[in-house]
Number of protein chains: 2
Amino acid sequence: MPFANTEIPGKFQALLAERGIRMTEQRRAILNVIETAKRHLDAGQVLRRARKLEPSIDRSTVYRTLGLLKRHGLIDELDLMHLDGEAHYYERKLNRDHIHLACLRCGKITEFVSDLFESLKEQIENDCQYQIAVARLEIGGCCSNCRT
Amino acid sequence: MPFANTEIPGKFQALLAERGIRMTEQRRAILNVIETAKRHLDAGQVLRRARKLEPSIDRSTVYRTLGLLKRHGLIDELDLMHLDGEAHYYERKLNRDHIHLACLRCGKITEFVSDLFESLKEQIENDCQYQIAVARLEIGGCCSNCRT
DNA sequence: ATCTTAATGCGACAGTGTCGCATTAAGATC
DNA sequence: GATCTTAATGCGACACTGTCGCATTAAGAT
């Protein structure tokens with residue numbers, strides 16, 4: 001998935017094994033797809049790609065696996081301003097939260113990290129007495145390419 | 001909708017009239033529902049409430065009207081971390097963007113404004129050369145009530 | 001009162017995501 | 001390696017959201 005690709009492939013598998021979760025051919029295929037994806041994929045795209053590795057995989061297995069990874073905090077679920085239909089997109093969770101900018105004209109997704117974002121989250125935790133589990137900042141607008 | 005309820009009821013109707021958009025009984029009912037709502041409503045809830053004022057209203061009219069209001073920048077569409085199903089929630093657009101905090105335990109939605117958020121948006125516009133149309137910051141976590 | 005055309009209701013549809021249930025296979029145990 | 005327990009799978013059915021085309025209705029200008 002986008003951004004620093006410093007993650008070790010197979011990390012998901014190791015992390016799930018640690019927690020005593022069974023590994024199946026289907027899961028291996030799905031994890032592989034997500035770990036090696038270069039862009040944000042929705043559930044349907046994950047299914048189609050995983051089927052190339054393991055043709056028997058069913059739609060519901062993909063949803064169940066995505067749910068599993070979400071519950072274990074290994075992936076984040078995004079809407080990306082619903083640029084294309086109503087599906088959700090998934091990406092590996094990295095050490096640092098990032099902001100998603102979706103160009104409403106060309107559909108390009110840009111990622112951005114910011115210390116200000118980190119400060120804002122801290123402010124919220126303090127001022128609102130909130131314990132943040134997920135923070136999703138999505139921006140829709142017009143990218144520089146589309147304005148020139 | 002939540003927050004400072006300083007808006008004049010009927011404002012939507014006036015704004016749409018200004019732009020030469022036809023007013024119908026159905027639209028009046030839907031606008032009324034959204035303008036007087038005290039919490040975030042999804043399309044289905046808007047439909048049910050609007051039907052109490054104008055029983056003939058169809059589902060597709062609600063969707064078309066929500067689309068109209070969105071296109072004219074009068075309402076914002078939210079996901080609220082999909083606390084309940086996959087529907088979208090709608091709220092009157094106010095002068096100032098606010099952050100939505102969704103408690104994953106009790107489902108309570110809290111709203112929060114922050115200068116830091118405004119600065120962050122400025123930073124993004126500058127650093128990324130982006131023209132922001134919509135900025136949606138949604139946070140999932142645990143509210144103070146649920147932790148005591 | 002007439003006319004144009006935007007807006008509506010209706011029906012059909014595609015897509016996403018969920019669930020129950022019978023079957024299969026992971027991986028622990030011997 | 002064979003056996004066993006139970007988690008995971010595939011399948012089918014389902015609910016729900018959101019979209020669209022089309023014939024009909026009614027807004028509001030004339």
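What you are looking at is a predicted structure, and each value in this text was computed from that prediction instead of being measured.
- Distance check, rounded to the nearest 0.5 Å: CD1 of A:Ile124 to CD1 of B:Ile139 gives 3.5 Å.
- The stretch residues 62-71 of chain A participates, sequence neighbours left out, in these salt bridge (charged side-chain N to carboxylate O under 4.0 Å, His left out) pairs: A:Lys70-A:Glu77.
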Please table the atom pairs, donor to acceptor, closer than 3.5 Å between any side-chain atom in residues 43-56 of chain A and protein atoms at least two apart or in another chain.
from: A:Gln45; atom 1: OE1; to: A:Asp42; atom 2: N; distance (Å): 2.8
from: A:Arg51; atom 1: NE; to: A:Ile57; atom 2: O; distance (Å): 2.8
from: A:Arg51; atom 1: NH2; to: A:Ile57; atom 2: O; distance (Å): 3.0

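- Rounded to a whole Å, the CG atom of A:Asp79 is 16 Å from the C1' atom of C:dG15.
- Against DNA chain D, the stretch residues 45-57 of chain A makes heavy-atom approaches under 4.0 Å through A:Ser56, A:Ile57.
- Residue pairs satisfying the salt bridge (charged side-chain N to carboxylate O under 4.0 Å, His left out) criterion with at least one member in residues 116-134 of chain B, sequence neighbours excluded, are listed as follows: B:Arg96-B:Glu118, B:Asp97-B:Lys121, B:Glu118-B:Lys121.
- With rounding to whole Å, B:Leu69 atom CG is found 12 Å from C:dA7 atom P.
- Under a 4.0 Å N-O distance rule, the pair B:Arg136/B:Asp79 qualifies as a salt bridge.
- Applying the ring-ring contact (aromatic ring centres under 6.0 Å, His included) test to pairs two or more places apart or on separate chains, those with a residue in residues 41-86 of chain B are A:His88-B:His82.
- In this structure, CZ of B:Arg71 is placed 13 Å from P of C:dA6, rounded to the nearest angstrom.
- In this structure, A:Leu66 atom CG and D:dT9 atom P are separated by 12 Å, rounded to whole Å.
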Contact state string [nucleotides 18-30 of chain C, B base, S sugar-phosphate only, - no protein heavy atom under 4.0 Å]: BBB-----BS---

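- Proximity of a side-chain donor or acceptor of B:Asp58 to a complementary backbone N or O of B:Ser60 within less than 3.5 Å is detected.
- With a 6.0 Å radius and a threshold of 12 heavy atoms from other residues, nucleotides or ligands, B:Asn126 has its CG atom above the threshold.
- For the pair A:Asp42 CG and C:dG17 P, the interatomic distance rounds to 7 Å; values are reported in whole Å.
- Side-chain N/O atoms of B:His88 include none lying less than 4.0 angstrom from OP1 or OP2 on D:dT17.
- With sequence neighbours excluded, the residues satisfying salt bridge (Lys or Arg N to Asp or Glu O under 4.0 Å) with A:Arg28 are A:Glu25.
- In this view, B:Asn145 and B:Cys143 satisfy the side chain to side chain contact (heavy atoms under 4.5 Å, CB included) rule, not counting sequence neighbours.
- The side chain to side chain contact (heavy atoms under 4.5 Å, CB included) test applied to B:Ser114 returns A:Leu120, A:Gln123, B:Ile99, B:Phe112, B:Leu116, B:Phe117, not counting sequence neighbours.
- Across its full length, the helix from C:dA1-D:dT30 to C:dC30-D:dG1 shows an angle of 40° between the axes of its 5 terminal pairs at either end, rounded to 10 degrees.
- The distance between atom NE2 of A:His82 and atom C1' of C:dG17, rounded to the nearest whole Å, is 14 Å.
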